[in-house]
Amino acid sequence: MEKKSIMGLVLIIVQSIFTLSYSNEPKQATIWYCISMYQNLSGFQSSSFSSSFSSVTYLLQGDTIFGDIRYTTFCGEDGTFWGAMRKTDDGQQVYYRPGEGHGKFPTSLGKEYLLYDFGVKEGDTTIVYSGFMDTADENSAPDTPDEFVMDSMVVVSIQVIDGRKHVQIQNIHASMQQVEWIEGIGTRNILFTTDRNRSAGNNFGLYTLCAADDLGNILYSFDTDHLGIHNDNCEGKTLAIEEIPVPNPIASKILRNGQILILRGDKTFTLQGQEVK
């Protein structure tokens, strides 16, 4: 009887430890070291295109209140205000309010949109924000802003890696557009499902090298080899672009099923960096 009681107590303790470790919310990244990429895609029938890069940093810092709801401000390294983010109490849903991106004060915020939902299950369909950091996307369709910046996504897979949920989602209207949400980290495009924006003949992309905490400790490092930039866990943190070793593989763009793709070596990528299998 005593042995059974001891065994039961041990099982309870082990279960409690497991539950506690799983339920603890992963540490939130507050600094994103990124690459800003500009590509001239005009004349896409040519065999190659040129890209220019620069380094840029974004931060979550300080609070702001909008409609009696507290948010954390999202800004550039120079203090330019771009938007605000908040989590629900259980940390499962993350919401974003895009800002103007023209000053250092959150005087004009857009609507609140669901950015991530870590409470989803595989096979679920969720409607989430697919715009970028400022209100430009909203303003492009002032009569129906929700339709312009929201997309239906199906949950492809969910994994827990190093205590963080990794949720792979796919746009149901664009089978080649897949995005990975990483709990407490964001995406390969900082917080967003898109790389930035495009205009005729050009592509402007923002790609995350690493996400870090308040002290600059690297929490997660992204693979950016598809850009021709090898990211070694953000060695030096704010490493200048010219100091980053670039293998300079031969790249060309191809047109397949009406979509421009990047051919680099024996691999094919979308303009968002998603490898096409």
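Remember, it's a predicted structure, so these values are computed and weren't measured experimentally.
Between Phe74 and Met85 the shortest side-chain heavy-atom distance does not fall below 4.5 Å. Side chains of Cys75 and Thr80 form no contact here, defined as non-hydrogen atoms less than 4.5 Å apart.
Residues Tyr58 and Gly76 share a closest heavy-atom pair of CD2-CA, 3.8 Å. The heavy-atom pair separating Pro26 from Gly163 by the smallest distance is CG-O, 3.3 Å.
A donor-acceptor pair under 3.5 Å is formed between the side chain of Glu183 and the backbone N or O of Lys165.
Within 6.0 Å of CG on Asp162 lie no more than 12 heavy atoms contributed by other residues, nucleotides or ligands.
Between Asp124 and Thr126, the side chains place no donor N or O within less than 3.5 Å of an acceptor N or O (distance only, hydrogens not considered). Side-chain polar atoms of Asn189 and Thr187 form no donor-acceptor pair below 3.5 angstrom. Donor-acceptor pairing under 3.5 Å is recorded for the side chains of His166 and Glu180. Looking at Lys87 and Gln92, their side chains never bring a donor and an acceptor atom within 3.5 Å of each other. Judged purely by distance below 3.5 Å, without hydrogens or angles, the side chains of Arg97 and Tyr113 never pair a donor atom with an acceptor atom.
Hydrophobic clustering, defined by side-chain heavy atoms of Ile, Leu, Val, Met, Phe, Trp and Tyr closer than 4.5 Å, groups Tyr220 together with Ile182, Ile185, Leu219, Phe222.
Each of Asn171, Ile169, Thr125 was compared with Val154 under the side chain to side chain contact (heavy atoms under 4.5 Å, CB included) criterion, and only Thr125 meets it.
To the nearest 0.5 Å, atoms OH (Tyr95) and CD1 (Ile69) are separated by 9.5 Å. Here the OG1 atom belonging to Thr208 is positioned 13.0 Å from the OH atom belonging to Tyr33, to the nearest 0.5 angstrom.
Annotation: salt bridge (Lys or Arg N to Asp or Glu O under 4.0 Å) contacts involving residues 55-76, sequence neighbours excluded, comprise Asp63-Arg70.
Here the two rings, on Tyr96 and Tyr116, have centers that are 6.0 Å apart or farther.
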